[in-house]
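A note on names: the letters A, B, ... follow the listed sequences, proteins ahead of strands, and every chain is numbered from 1. Computed from a prediction, not measured in an experiment: that's the story for all the values here.
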Amino acid sequence: MTTKKASARSHRYWLLKTEPESFSIDDLMSAPKRTAHWDGVRNYQARNLMRDEMKGGDLVFIYHSSASPPGVAGIAEVVREGYPDGSAFDPKDSHFDAKSDPATPTWMMVDVRGLERFATLVALPELRETKGLEKMVLLQKGSRLSVQPVRAAEWEIIAALGRRAAR
DNA sequence: GCCAACGTTGGC
DNA sequence: GCCAACGTTGGC
């Protein structure tokens, strides 16, 4: 066993998309323990990030997609690392996947706990205009991944914008 | 393995 | 509602 003085890496940052008509930051903040299963992700790249990369204590932006306007709505933290998404096995669930075998689950999820609802939604047009965010995964042409990494510098910029007093 | 057809995402 | 872009499926 090797010794490490400080942790090799501090927590990382992510962005999770959700359609607020289905599940919003307000739903998260009013959930029991402000905690929710991030279920229903049916994309392999997003699944791999949840299964392999997201760790307890990592921070996530909650992003409202298909909203008016779309934007970053708040902050949550990962409180349970990747584990099987049971909704894939429920025929009545809209995300049911008949090809997923419970013995070797295809789809994974994490649990997140809401930490903060932004005073001001950081809307997509503002993200596009903000210096320092040009390389954000979210803003790349054709990018539609529902679980994305966020750079530390991007995190700081967006968190500061979200914490501005509401008008 | 190629690739056309189809389904989904998500901004506008 | 439209449509660009992407991912998946399935015939060959």
### Partners meeting salt bridge (Lys or Arg N to Asp or Glu O under 4.0 Å) with A:Arg34 (sequence neighbours left out)
none
## Note on the structure
So, with a heavy-atom separation below 4.0 Å from DNA chain C, the residues of residues 82-94 of chain A are none
### Query
Atom CD1 of A:Ile62 and atom CZ of A:Phe23: how far apart are they, to the nearest 0.5 Å?
8.0 Å
### Query
How long is the gap from CG on A:Asp27 to OG1 on A:Thr18, to the nearest 0.5 Å?
8.0 Å
### Message
Can you list, by chain and residue number, the hydrophobic cluster partners of A:Ile157 when the side-chain cut-off is 4.5 Å?
### Response
A:Tyr13, A:Leu15, A:Leu59, A:Phe61, A:Tyr63, A:Val72, A:Ile75, A:Leu115, A:Phe118, A:Val122, A:Leu124, A:Leu127, A:Leu133, A:Met136, A:Leu138, A:Leu139, A:Val150, A:Trp155, A:Ile158, A:Leu161
### Message
Listing request: all salt bridge (Lys or Arg N to Asp or Glu O under 4.0 Å) pairs with a residue in residues 114-128 of chain A, at least two apart in sequence or in separate chains.
### Response
A:Asp26-A:Arg117, A:Glu116-A:Arg163, A:Glu126-A:Arg164
### Query
Going 5' to 3' on DNA chain B, which nucleotide is the first and which the last to come under 4.0 Å of a heavy atom in chain A?
B:dG7 to B:dC12
### Query
Which pairs count as side chain to side chain donor-acceptor pair (under 3.5 Å) when at least one residue sits in residues 69-86 of chain A, sequence neighbours excluded?
A:His37-A:Tyr83, A:Arg42-A:Asp85, A:Glu77-A:Arg113, A:Tyr83-A:Asp111, A:Asp85-A:Ser87
### Query
Among the clusters formed by ILVMFWY side chains lying less than 4.5 Å apart, do A:Trp107 and A:Met50 turn up in the same one?
no
